[in-house]
Number of protein chains: 2
Amino acid sequence: MKKRNEFSGCTISSYEGSCLDKLSEDEKQLIENHSVKIKYKKGEVICKQGGFVSQVMLMNKGLAKVYIDNGTNSLLLRMIPNGSLIGLSSVSEAYPTFPYSAMTYVDSEIIQIDVKIFRKLIAQNTEFAKEIINILSSNSIQIYGRFFCLTYKQAYGRLADIILCLSDKIFMKENFNLPLSRKDIAELSGMSSETVVRMLKKFNEEGLIKMNGKHLEVLDADSLQRISDTG
Amino acid sequence: MKKRNEFSGCTISSYEGSCLDKLSEDEKQLIENHSVKIKYKKGEVICKQGGFVSQVMLMNKGLAKVYIDNGTNSLLLRMIPNGSLIGLSSVSEAYPTFPYSAMTYVDSEIIQIDVKIFRKLIAQNTEFAKEIINILSSNSIQIYGRFFCLTYKQAYGRLADIILCLSDKIFMKENFNLPLSRKDIAELSGMSSETVVRMLKKFNEEGLIKMNGKHLEVLDADSLQRISDTG
DNA sequence: AAAAGTTATTGACATAGATCAATTAATTTT
DNA sequence: AAAATTAATTGATCTATGTCAATAACTTTT
């Protein structure tokens with residue numbers, strides 16, 4: 001029997017693979033002909049909440065965040081690692097504008113695909129459409145988990161979550177250089193940057209992580225997991 | 001130019017109409033042949049988080065909530081008014097279990113539709129598939145708003161949001177008998193029931209609402225809206 | 001390499017709203 | 001309709017984090 005997944009603040013969706021695999025050679029060529037590859041520098045805005053969507057964007061190489069804001073506060077919804085799409089909710093003609101903004105964390109390479117082509121392919125290829133439904137569903141499920149986590153977990157648990165997410169899902173090693181500022185981590189874990197600093201220090205003192213400026217090493221993933229579960 | 005929508009904690013998705021309208025007569029008949037109408041009493045569980053999905057459910061008459069919980073805490077994701085679907089994320093074979101639970105607020109009538117039929121129709125009718133994508137997108141957008149609201153608005157703003165949502169979207173009059181307990185309202189607006197009581201009392205004293213036990217009347221929607229925006 | 005600007009760290013303090021406890025009101029069961 | 005149960009209200013208290021202010025440590029620009 002499968003263990004019931006607990007909710008985590010983790011910021012990447014569980015969908016694996018690529019919807020593009022479901023396309024025929026002709027269809028792939030069509031996408032090819034209607035897409036361009038663009039380079040973004042670290043910290044550049046990829047799309048703006050409220051703006052018209054004309055392309056769906058595929059992260060080819062890099063890392064970005066998707067967030068909503070009202071001018072005063074900003075809420076990070078999810079991260080975009082390699083292979084993830086941005087702007088999918090707008091394949092519905094009913095939602096022609098981005099419901100969120102996106103910004104790169106590091107220098108990134110993004111493939112822009114004409115959203116009209118996306119819509120056409122959905123209308124002609126049901127396997128592709130099913131795959132889009134899969135992605136939308138997995139995005140929803142990820143958001144539910146993050147929503148629950150940010151609403152009910154205490155700050156230590158949320159921070160532990162994010163450290164584990166970075167190590168397990170994003171960098172896939174327990175030892176990495178953070179391309180994120182303390183403020184970024186604060187945004188990820190839904191707390192103030194001062195609180196992040198204090199709590200990272202505590203984790204460090206307790207031997208759960210080894211932290212030196214931008215360098216982070218997970219020493220005791222089990223304990224972090226326990227804090228995430230309890231917190 | 002359209003005014004940019006602000007985020008609200010409102011709990012129903014903006015999708016209007018019915019995906020079933022996109023079906024042919026034959027397809028409608030197919031649904032008809034593979035669905036049953038079920039009556040639920042107030043407070044009954046419609047589906048359980050983690051359980052297998054075998055039917056997609058359509059609220060025919062009544063009101064329900066969709067929520068996730070971990071045994072200790074419960075987070076209300078959205079309300080299900082007439083015409084809304086439950087269990088849509090599971091039309092993907094990749095997600096065969098409910099990611100949430102649902103429970104009726106009042107006596108309700110629900111149409112259960114075999115999920116296999118739903119999947120078949122998605123695979124054969126692209127208009128229908130597009131409509132499902134529309135619904136999933138609008139659900140996501142609603143959740144983003146609620147997520148933002150519960151994370152950043154203060155309690156007064158969240159409560160004002162919910163009162164307006166109940167009056168505008170659910171009961172569609174400024175004068176209604178609440179079928180919800182204080183605890184339900186607390187869950188909707190993400191706070192403790194004691195805080196709900198105190199704040200409703202305050203709104204009442206200030207003449208924004210008229211409240212008498214279960215009966216609620218919105219007296220000053222503009223001020224409530226202002227509190228929602230500011231809070 | 002000095003100056004200017006930005007980000008990280010630490011400490012002190014404030015507070016929104018949760019929790020706990022007690023009372024009253026409403027509803028359900030006997 | 002009395003008793004028992006559940007829900008609503010009120011008051012008192014507590015606390016996890018945010019906010020503000022002051023350095024300290026980096027980074028970038030000159």
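Protein chains get the first letters and strands the later ones, always in sequence-line order, with residue 1 at the start of each. Because the structure is a prediction, the values reported are computed rather than measured.
Atom NE2 in A:His215 sits about 17 Å away from atom P in C:dA8, given to the nearest Å. Separating the NZ atom of A:Lys42 from the C1' atom of C:dT6 is a distance of 12 Å, rounded to the nearest angstrom. Rounded to whole Å, atom P of D:dT17 lies 9 Å from atom OH of A:Tyr156. With rounding to whole Å, A:Lys183 atom NZ is found 15 Å from C:dT9 atom P. Note: CG (B:Asn212) to C1' (D:dA8) measures 13 Å, nearest angstrom. Summarising the geometry, the separation between OH on A:Tyr152 and C1' on D:dT17 is reported as 18 Å, rounded to the nearest angstrom. Nucleotide D:dA8 holds its P atom 14 Å from the CG atom of B:Leu216, rounded to whole Å. Atom CZ in B:Arg182 sits about 19 Å away from atom P in C:dT24, given to the nearest Å.
In the region residues 199-207 of chain B, proximity to DNA chain D at under 4.0 angstrom, judged on heavy atoms, holds for B:Lys201.
At a cut-off of 3.5 angstrom, counting only N and O atoms as typed in the model, there is a donor on one side and an acceptor on the other between the side-chain of A:Arg198 and the base of D:dT19.
The pair B:Lys65-B:Glu187 meets the salt-bridge criterion, since a charged nitrogen lies less than 4.0 angstrom from a carboxylate oxygen. With salt bridges taken as basic N to acidic carboxylate O contacts below 4.0 Å, one links A:Glu206 and A:Lys202.
Listed nucleotides: C:dA18, C:dA8, D:dA8. Nearest to the side chain of A:Lys214: C:dA8. Comparing D:dA8, C:dT9, C:dG17 against the side chain of B:Arg158 picks out C:dG17 as the nearest. For A:Glu194, the listed nucleotide lying nearest its side chain is D:dT19; candidates were C:dG17, D:dG18, D:dT19.
Side chains of B:Ser13 and B:Ser138: a donor-acceptor N/O pair is present below 3.5 angstrom, by distance only. No side-chain donor-acceptor contact under 3.5 Å links A:Ser137 and A:Asn134. Of the N and O atoms on the side chains of B:Lys153 and B:Ser228, at least one donor lies less than 3.5 Å from an acceptor on the other residue.
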Pairing string, 5' to 3', for DNA chain C - Watson-Crick or wobble contacts under 3.5 Å, brackets [ ] where pairs cross, | to another strand: ||||||||||||||||||||||||||||||
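Along DNA chain D, the nucleotide closest to A:Gly190 and the one closest to B:Thr195 are compared, and the more 5′ of them pairs with B:Thr195.
Within 4.0 Å (heavy atoms only), B:Gln154 reaches sugar-phosphate atoms of the nucleic acid but no base atom. Here B:Ser192 lies in heavy-atom contact (under 4.0 Å) with a base.
For B:Phe52 and B:Phe98, the ring centers are positioned 6.0 Å apart or more.
A distance of 11.0 Å separates CD1 of A:Ile143 from CG of B:Leu77, quoted to the nearest 0.5 Å. Note: A:Leu216 CG to A:Leu200 CG = 7.0 Å, rounded to the nearest 0.5 Å.
When atom types are taken as modelled, the side chain of B:Ser101 and the backbone of B:Ile68 share no donor-acceptor pair closer than 3.5 angstrom.
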Audit row: A:Ile170, A:Phe176, side chain to side chain contact (heavy atoms under 4.5 Å, CB included) steps and yes/no: CA-CA 10 Å; A:Ile170 308 275; A:Phe176 49 88; over 6 Å; no
